[in-house]
Structures are given as structure tokens and as C-alpha cells.
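Letters A, B, ... mirror the listed sequences (proteins, then strands); counts begin at 1.
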Amino acid sequence: MENNRAEVIIVGAGPAGVSAATVLARAGKKVLLIDRADKAGDKNMFGGCIYAKQTAEIFPQFWQSAPVERSVTEQKIVMLTDYDSTQYSYRYSSKGSYKAFTVIRSKWDNWCVKEAQKAGAYFAPKTLVKELLIENGKVVGVKTQFENYYADIVIIADGVNSLLAKQIGLRKEFNDEDLTINVKEVIKLHPERLQDRFQLDENQGCAVRILGGPLKDIFAMGFLYTNKDTVSIGLGVSLDELKKKKIPIYEMLEELKSHPSIAPYIKDGEVIEYSAHMIPEGSFNNIPKVYDNRVMVIGDAAGFVNNIHLEGTNLAMLSGRLAAETAIFAIEKGDFSASTLSLYYQKLKNSIIIKDLRTHNNTVKFMKKHIKTLTGLLPEIACDFFEVLSSADEIPKRAKYRRLVSKILRSGLILKMIPFAFFAMEKCIKR
Amino acid sequence: MNINDKLATLKYNKSNESHLSADNDICMRCHDKPCTYICPAQVYSWDEEKCILHIRYENCLECGACKVACPKKNIIWKYPEPEYGVKFKNG
Ligand SMILES: Cc1cc2nc3c(=O)[nH]c(=O)nc-3n(C[C@H](O)[C@H](O)[C@H](O)COP(=O)(O)OP(=O)(O)OC[C@H]3O[C@@H](n4cnc5c(N)ncnc54)[C@H](O)[C@@H]3O)c2cc1C
Ligand code: SF4
Ligand code: SF4
């Protein structure tokens with residue numbers, strides 16, 4: 001890189017950073033993408049799956065050459081009680097149009113970076129940005145453990161902890177209640193065994209959300225994804241509730257794994273990796289200032305996550321593209337001021353990022369308030385219903401119906417569901 | 001599977017220098033010591049006898065939860081120098 005100068009420097013080669021780098025490089029801009037990992041992806045973890053449509057906007061037909069694990073063809077919700085469960089599954093055919101793919105970040109992120117390089121981006125791995133360089137109150141580049149690099153625009157894509165956005169006061173530290181801490185284990189299973197267990201064809205995969213059981217009464221959710229020859233199982237819990245509960249998260253994971261309805265999925269599998277990472281809650285009110293003179297913030301660093309729909313990588317990639325388009329406009333205009341870069345925020349506002357975060361601004365708060373209904377009562381009543389349906393014994397059916405109905409009435413479930421109905425209605429009509 | 005077995009699945013390049021530190025005097029006055037149960041890698045432990053917070057930084061997963069959860073904002077939190085720290089092969 002000549003004189004350590006680029007037109008745009010991007011810090012962080014996660015989905016947000018690679019997307020921005022690729023779009024800029026394709027437009028012929030000189031872009032330097034920096035990551036602290038030895039190889040892109042080596043510091044990252046997620047659930048998880050990437051979403052086909054939005055990923056293909058950056059990398060068309062990526063599934064033909066990218067290291068994807070399985071095409072997600074089933075979404076499942078498992079509601080646990082202490083010993084039992086009800087499971088709700090939505091299966092769809094993936095013919096022709098893919099919805100999502102499970103991926104492993106060390107492979108996936110690395111592939112994405114190679115695509116950005118093919119488009120012409122420079123990539124500097126093993127490079128830690130220690131701080132942003134400021135001159136006359138404006139960001140002019142980055143300081144790394146080796147050298148300083150300079151650019152007209154710096155795009156901050158350094159993830160949920162974003163030390164850099166905090167350095168220049170664009171963002172504050174998130175609070176306990178604005179973050180979840182997540183852990184996961186990757187468990188090896190022979191592909192055929194895995195396919196049998198989850199009733200999948202070759203290349204098909206499933207994504208599972210798990211509520212209740214050992215995770216009842218707190219804002220926590222389990223997840224399970226099938227990869228080629230591994231299962232990713234984990235859970236996330238909000239920091240404020242974990243602090244109150246005082247149970248280490250790895251012990252909660254053990255409880256989840258040993259639940260009678262979960263254990264058979266991972267039986268005899270070998271745990272090959274444990275990992276942890278935080279997720280920002282992603283509400284409109286928590287969006288920091290995402291641009292200033294010569295600088296923009298994208299992805300998790302800006303809190304762009306939709307926790308309800310488990311969307312993060314897609315919003316990261318979309319925000320990366322919008323920031324890149326803004327940078328291209330600014331470079332062509334030769335003006336890197338905050339007022340020019342405010343175009344980025346306009347684009348965010350017109351996109352699903354701000355629209356969806358606005359829609360879900362209060363959703364996590366609402367769920368926390370009603371968490372006992374959602375993760376305790378609802379799973380229990382659902383199991384009770386199936387128990388009545390499936391138990392053949394000497395008790396007359398009418399007595400069983402009465403018992404169930406009286407339990408439902410006593411539990412106040414119907415009253416407790418009313419706020420949910422209003423809440424759902426509000427989500428449809430409020431703008 | 002206990003936490004040590006979980007951590008044993010990971011690849012680390014261990015640095016001789018800690019990227020984490022806390023002012024022990026402040027820890028002495030910290031009531032709940034949430035770092036000791038929030039951390040997914042059990043990096044922090046409180047030695048009752050010596051009144052010292054042990055920081056097994058070499059097990060850190062670099063998630064950042066401790067710096068947020070510490071009620072006294074007492075943790076100086078940095079990323080390890082490049083090439084050091086944890087490596088996720090299946091993240
Ligand atoms: C348990 C879990 C499950 C998830 N499941 C899903 C899912 O199923 N689907 C989905 O779409 N999303 C999911 N997400 C969210 C998704 O992973 C994130 O939203 C997404 O990775 C954000 O991308 P990003 O590029 O903004 O940040 P990151 O992916 O965090 O990338 C940031 C990059 O910056 C680098 N970096 C940081 N600081 C510096 C520095 N100072 N110098 C150099 N480099 C630096 C890091 O090494 C890293 O590569 C999940 C997240 C978690 C934790
Ligand atoms: S939470 Fe903070 S102040 Fe309390 S013991 Fe841990 S590091 Fe010290
Ligand atoms: S960053 Fe995460 S893993 Fe490392 S010490 Fe803090 S809480 Fe533990």
C-alpha cells in the first residue's frame with residue numbers, strides 16, 4: 001500500500017466489513033480492510049445461519065462456491081418444561097430458492113475476505129487497530145501495532161464491543177440489559193447419523209430455538225443448528241438477568257444439553273469446541289450516532305441486530321453496503337464531512353434496518369416483562385394439552401378436560417395472553 | 001462436562017502478558033463480584049484468604065461481558081496483541 005494511504009479503511013472483517021470492502025473495491029476505490037485475527041473469522045462465533053437473499057446481494061450465487069454447511073429447510077421451536085417438551089416445526093422445500101445456510105465463521109468469513117480481495121481490496125490480517133488517529137478533531141486514519149494507516153474515510157466495523165466507536169464518543173458502552181452473553185458448543189456427529197436424527201436429507205439443515213426448561217423465567221433462549229457433520233448448540237441470556245441469577249452460563253448450557261428432550265439430539269457426539277460472544281439487544285433507542293466527519297459505524301458496532309428474528313449478519317452486510325455507497329458518493333464529491341456522510345443515515349432509515357429496529361424497539365422489554373408466561377406457563381400448558389390427548393387410562397376423558405380447563409383458568413393464561421394480542425396488533429399498525 | 005473440559009477444546013496462543021487487569025482495592029469493596037460468575041470462561045476467581053482477584057487471562061474468550069458487568073467499571077479491558085489469545089475453528 002503506497003505511503004500507507006487508502007481512500008477508505010475498514011476496521012473489522014466480519015460480515016459488515018467485508019460487505020463494505022467488496023462494494024467499495026468493485027467501484028474501483030482503494031480500500032484497506034483490517035482484522036486482528038490471524039485468518040479472517042478466527043476470532044468470531046455465531047449461531048448460526050446466514051440469510052441467502054441479502055447475502056446474495058453482495059455475493060451473487062455464493063452457495064455454488066462458498067463453504068456453506070447446510071441449506072436450512074426447517075425452522076423449529078422447542079418449548080421445554082422441566083422434563084417434557086412440545087415441538088413446533090415449519091418445513092419447506094428449498095427447490096430453487098434458498099432461505100438460509102448454516103455456516104462456520106472461520107471458513108465463511110475467510111471466504112468472504114477472499115472475494116473482497118478478488119474485487120481489489122487490500123486485506124491486513126493479524127493487525128490490531130489500537131486507536132483512531134485524530135487530527136484537528138477529525139479521524140484521519142488508524143494506529144495499529146505496526147504502523148499508522150491513513151484514509152479519507154474510516155469505516156468502523158469492529159463488532160459489539162466497538163472500542164473504536166467509543167474512543168471518539170459516537171457510542172457509549174452498552175448496559176447490562178442491552179446485551180446478551182452467548183455460549184455454544186460444536187458437537188461432532190457422523191453426517192448420516194445427524195441426518196437420521198434430525199430427519200434431513202443430504203445438504204438439508206434445521207434451525208431450532210429452545211425456550212423454557214432450564215431457561216425458564218429468565219430472558220434466555222437456546223439454539224441448535226445442524227452443520228455438515230456437527231451440531232451447534234448453545235444459549236444466550238441477557239447480562240442483567242444472569243447477574244441476578246448468579247448461575248454461570250456454562251452450567252446452564254450443561255442443564256440444557258442434559259434435558260431429556262435435547263440430550264438425544266447430541267448423544268454420543270464429541271464436543272469439539274466451546275465458544276462465547278455477546279449480542280447487542282438491537283433496539284432503535286440504543287442506536288448510537290453512526291457517522292461523523294470522515295467516519296461511519298456499521299454492523300454490531302452500531303447495534304444493528306434483530307434479536308427477535310435472529311438477524312445480525314444480514315443487517316451487518318446491508319449496513320456495510322449502505323456505508324460503502326455513501327463513501328463512493330463522498331469520494332466522487334471530494335467531501336468527507338459529516339453532512340455528506342449523513343446520507344448513510346438517510347439510507348439506513350429507508351432500509352429494513354431502522355424500520356425493523358423501530359418496530360422492535362420495545363419488544364425485548366415486553367418479553368422480559370412477560371417472560372414467565374412465555375417460558376414457564378405456555379410450555380407447561382402445551383405439554384398438559386398433549387398429555388390429555390395422549391394418555392389412555394381409566395380416568396374418564398371429561399374429568400381430564402375439566403382438569404385441564406380449570407388449570408388454564410386458574411393459571412390466568414387467557415388474561416395473560418391479552419397483552420400479547422395487543423402487542424402484536426401494535427406491531428402491525430404503529431409506524 | 002465442566003468448564004475446564006470445555007476450555008480444553010480450544011486453541012489458544014498464550015501470551016506472557018495479561019490483556020486484562022483490575023484494581024484489587026476496588027475489588028475488595030465489590031459486594032457481589034459478578035465477574036466471578038458472569039465470565040463464560042471462569043477467568044476471574046476471588047481468593048478469600050488472600051483477598052485477591054485472580055485473573056486467568058489466558059483462558060479468556062474475548063467476549064467483553066466482564067467489562068460491562070463489573071459494577072465498578074474496574075476492568076481494564078483490551079484485546080490481546082495480534083497472534084495471541086483464542087482461536088475459534090468452528091465459531
Ligand atoms: C451466539 C450468536 C448467534 C448468532 N446467530 C446469528 C444467526 O443465526 N444469524 C445471523 O444473521 N446473525 C447471528 N448472530 C449475529 C451475528 O453474528 C452478528 O450480527 C454479526 O457477526 C455482526 O457482524 P459484524 O461484522 O458487525 O461484527 P463481527 O462479526 O463481530 O466482526 C467484527 C470483526 O472486527 C474485528 N476487530 C474487532 N476489533 C478490532 C480491532 N481493534 N482491530 C482489528 N480488528 C478488529 C474482529 O476480529 C472481527 O473479525 C449471532 C450472534 C451470536 C453471538
Ligand atoms: S466485578 Fe469488578 S470490581 Fe467486582 S470483583 Fe470483579 S473486577 Fe473487581
Ligand atoms: S472477555 Fe469474556 S471470556 Fe474474557 S474475561 Fe471477560 S467475560 Fe471472561
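Remark: A/E173 does not engage B/K73 in a salt bridge, criterion side-chain N to carboxylate O under 4.0 Å.
Within 6.0 Å of atom CZ in A/F174, more than 12 heavy atoms from other residues, nucleotides or ligands are found, so the atom counts as buried in its surroundings.
With a threshold of 4.5 angstrom between heavy atoms, A/N175 approaches chain B through N, CA, C or O but not through any side-chain atom. Proximity to chain B (any heavy atom under 4.5 Å) is shown, for A/V271, by both the backbone and the side chain. Contact annotation for A/K43: both backbone and side-chain heavy atoms come within less than 4.5 Å of a heavy atom of chain B. Looking at A/L128, both its backbone and its side chain come within 4.5 Å of chain B, counting heavy atoms on both sides.
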Derivation and outcome, salt bridge (Lys or Arg N to Asp or Glu O under 4.0 Å), residues A/K246 and B/D32: CA-CA 9 Å; A/K246 298 189 183 177; B/D32 269 341; 3.1 Å; yes
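Atom OH of B/Y79 and atom CG of A/L163 lie 5.0 Å apart (nearest 0.5 Å).
Of the possible polar contacts, none joining the B/E83 side chain to the A/K126 backbone as a donor-acceptor pair under 3.5 Å is found. Side-chain N or O atoms of A/E273 include one that pairs as donor or acceptor with a backbone N or O of B/K89 at under 3.5 Å. Side-chain atoms of A/Y274 come within 3.5 Å of backbone N or O of B/P40 as a donor-acceptor pair. Without hydrogens or angle criteria, A/K243 side chain to B/P34 main chain gives no donor-acceptor distance under 3.5 Å.
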